[in-house]
Amino acid sequence: MELRHLRSFVAVAEELNFTRAATRLHVEQSPLSRTIKELESDLGAVLFERNSRGVRLTWAGERFLDDMRPILAKLEQARANVKRAALGFRGVLRVALSDCVPADPLS
């Protein structure tokens, strides 16, 4: 299972349409379909019901989507953290003000 499989799955699951998901991912529809088939084969589960009316998530697909969203969000956060670290940003600065502090000393 590769990261591209997971991103492809989430795109198709959110769009519920292979053509729109392929456009969103900037890939052709045929390789996207193969990617989803590879993922389903790797997982040993059918993630989508495909018919003439469109695409629908199976129960297994719904569960997988619930698990994948926070994982992909965490990966994006890690990517942003690395970029900030590479630019030299370190730590966190927190500033708190109290209602009892007069505004003038801060001017």
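Looking at L47 and L43, their side chains come closer than 4.5 Å, going by heavy atoms from C-beta outward. Counting heavy atoms from C-beta on, the side chains of V55 and N17 never come closer than 4.5 Å.
With sequence neighbours excluded, no residue forms a side chain to side chain donor-acceptor pair (under 3.5 Å) with S41. When the ring pair (Phe, Tyr, Trp, His ring centres under 6.0 Å) test is applied to F18, no partner is found at least two apart in sequence or on another chain. Applying the side chain to side chain donor-acceptor pair (under 3.5 Å) test to D67 and every residue at least two apart in sequence or in another chain returns nothing.
Atom-to-atom distance recorded for K37:NZ and L32:CG is 12.0 Å, nearest 0.5 angstrom. For the atom pair I71 CD1 and R69 CZ, the distance stands at 12.5 Å (nearest 0.5 Å). The OG atom of S8 sits 10.0 Å away from the CD atom of E2 when rounded to the nearest 0.5 Å. Rounding to the nearest 0.5 Å gives a distance of 15.5 Å between CH2 of W59 and CZ of F64. Residue L6 holds its CG atom at 5.5 Å from CE of M68, rounded to the nearest 0.5 Å. F48 CZ to R56 CZ: the interatomic distance, rounded to the nearest 0.5 Å, is 12.0 Å.
Here the side chain of T58 pairs no donor or acceptor atom with the backbone of E49 at under 3.5 angstrom.
Connection of L25 to L16 is established within a shared hydrophobic cluster, with ILVMFWY side chains joined at heavy-atom distances below 4.5 Å, either directly or through further cluster members. Both M1 and I36 are assigned to one and the same hydrophobic cluster, defined by single-linkage of ILVMFWY side chains at heavy-atom distances under 4.5 Å.
Salt-bridge formation is not detected for the pair E14/R20: no Lys NZ or Arg NE/NH1/NH2 atom is positioned less than 4.0 Å from an Asp or Glu carboxylate oxygen. Comment: E76 engages R7 in a salt bridge, judged by a side-chain N to carboxylate O separation of less than 4.0 angstrom. Comment: E40 engages R50 in a salt bridge, judged by a side-chain N to carboxylate O separation of less than 4.0 angstrom. A salt bridge links E38 to R4: at least one charged side-chain nitrogen sits closer than 4.0 Å to a carboxylate oxygen.
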Test side chain to side chain contact (heavy atoms under 4.5 Å, CB included) applied to L57 and F9, step by step: CA-CA 10 Å; L57 280 169; F9 166 75; 4.0 Å; yes
Worked check of side chain to side chain contact (heavy atoms under 4.5 Å, CB included) between V82 and R79: CA-CA 5 Å; V82 166; R79 178 183 293 195; 5.9 Å; no
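Under a cut-off of 6.0 angstrom, the local environment of CD in E62 is crowded, with over 12 non-hydrogen atoms contributed by other residues, nucleotides or ligands.
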